[in-house]
Amino acid sequence: MAFTSHMAQALAEARAAADRGEVPVGAVLVAPGGRVAAAAGNRTREMSDPTAHAEILAIRAACAQAGSERLPGHTLWVTLEPCPMCAAAIAAARIEVLYYGASDPRMGGVAHGARVFDHPQCHHRPHIYDGIGAAESRRLLQDFFAQRR
């Protein structure tokens with residue numbers, strides 16, 4: 001199967017989140033055959049739910065569709081480095097590959113901060129590729145926060 005990037009769709013989800021007044025983060029979960037299983041943008045304010053991050057919403061939708069709490073062979077595309085909560089959910093769901101855009105030195109949980117996948121108690125570590133669409137992801141976030149200051 002040929003490699004296909006789904007970062008453009010994740011960025012579209014992030015832009016839609018920004019339009020709703022949410023922090024612009026988008027996620028796309030792709031099933032082993034290449035079909036998009038779920039896509040989401042942040043909805044923490046809309047849902048009054050601090051766990052309603054794009055990654056969590058996409059994982060919940062894909063798990064519900066699969067009828068399983070695990071998503072082996074799935075690939076997750078996210079515009080921003082997942083936080084520790086989302087990284088733990090990625091491990092729990094057994095997602096095979098994680099692609100993310102911008103790094104998050106302040107709140108990240110993959111390459112920064114908690115580094116969830118490096119923890120000895122982490123029971124599953126996805127293959128990780130960072131920096132995919134990083135410039136656009138970072139610009140969306142910077143523009144969003146600049147408008148609020």
Side-chain angles (χ1 to χ4, degrees), residues 3-18 20 22-142 144-145:
F3 176 81
T4 301
S5 173
H6 292 273
M7 190 54 80
Q9 186 177 358
L11 286 162
E13 291 288 341
R15 285 189 286 278
R20 293 189 302 271
E22 302 278 356
V23 174
V25 177
V28 177
L29 246 169
V30 180
R35 173 186 56 80
V36 172
N42 276 358
R43 292 185 180 273
T44 58
R45 290 183 174 98
E46 176 186 326
M47 299 175 84
S48 300
D49 180 355
T51 70
H53 289 196
E55 302 95 317
I56 299 293
L57 295 174
I59 290 169
R60 286 177 183 162
C63 284
Q65 184 180 63
S68 175
E69 74 281 11
R70 298 203 175 138
L71 300 169
H74 283 65
T75 300
L76 179 62
W77 296 81
V78 187
T79 59
L80 181 65
E81 176 183 351
C83 72
M85 173 185 70
C86 292
I90 291 164
R94 310 295 201 279
I95 291 170
E96 185 174 332
V97 182
L98 167 64
Y99 292 97
Y100 70 86
S103 293
D104 190 353
R106 191 174 74 80
M107 296 295 293
V110 176
H112 299 89
R115 300 179 68 119
V116 171
F117 303 127
D118 292 341
H119 197 279
Q121 289 179 316
C122 182
H123 56 277
H124 173 78
R125 292 165 183 83
H127 300 287
I128 301 166
Y129 301 93
D130 63 350
I132 312 296
E136 175 142 6
S137 297
R138 193 170 19 265
R139 188 173 60 253
L140 277 172
L141 288 158
Q142 288 170 339
F144 177 82
F145 288 112

Compile the donor-acceptor pairs under 3.5 Å between side chains in residues 26-49 and protein atoms, sequence neighbours left out, one pair per line.
| unit_1 | atom_1 | unit_2 | atom_2 | d |
| --- | --- | --- | --- | --- |
| Arg35 | NH1 | Gln65 | OE1 | 3.1 |
| Asn42 | OD1 | Ala54 | N | 2.8 |
| Asn42 | ND2 | Val23 | O | 3.2 |
| Arg43 | NH1 | Glu46 | OE1 | 2.5 |
| Arg43 | NH1 | Glu46 | OE2 | 2.9 |
| Thr44 | OG1 | Glu22 | OE1 | 3.3 |
| Arg45 | NH1 | Gly21 | O | 3.3 |
| Asp49 | OD1 | Thr51 | N | 2.8 |
| Asp49 | OD1 | Thr51 | OG1 | 2.6 |
| Asp49 | OD2 | Thr51 | OG1 | 3.2 |

Table please: side-chain donor-acceptor pairs of residues 89-113 below 3.5 Å, with sequence neighbours left out.
| unit_1 | atom_1 | unit_2 | atom_2 | d |
| --- | --- | --- | --- | --- |
| Arg94 | NH1 | Ala92 | O | 3.1 |
| Arg94 | NH1 | His123 | NE2 | 3.2 |
| Asp104 | OD1 | Arg106 | N | 3.4 |
| Asp104 | OD1 | Met107 | N | 3.1 |
| His112 | ND1 | Glu81 | OE1 | 2.7 |
| His112 | ND1 | Glu81 | OE2 | 3.4 |

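Taking every heavy atom of both residues into account, Trp77 and Met7 meet most closely at CE3-N, 3.7 Å. Minimum heavy-atom separation, Thr4 to His6: O-CD2, 3.4 Å. The two atoms that bring Cys86 and His53 nearest to each other are SG-ND1, 3.4 Å, heavy atoms only. Here the shortest heavy-atom pairing between Ser68 and Cys63 reads O-CB, 3.0 Å. Shortest non-hydrogen contact noted between His124 and Cys122 is O-SG, 3.0 Å.
Atoms CG and CD1, from Leu76 and Ile59 in turn, are 6.0 Å apart once rounded to the nearest 0.5 Å.
Put simply, the side chain of Val116 reaches to within 4.5 Å of the side chain of Pro84, judged on heavy atoms.
If you run side chain to side chain contact (heavy atoms under 4.5 Å, CB included) between Glu136 and each of Thr79, Leu141, Leu11, only Leu11 comes through.
Between the His119 side chain and the Gln121 main chain, a donor and an acceptor come within less than 3.5 Å of each other.
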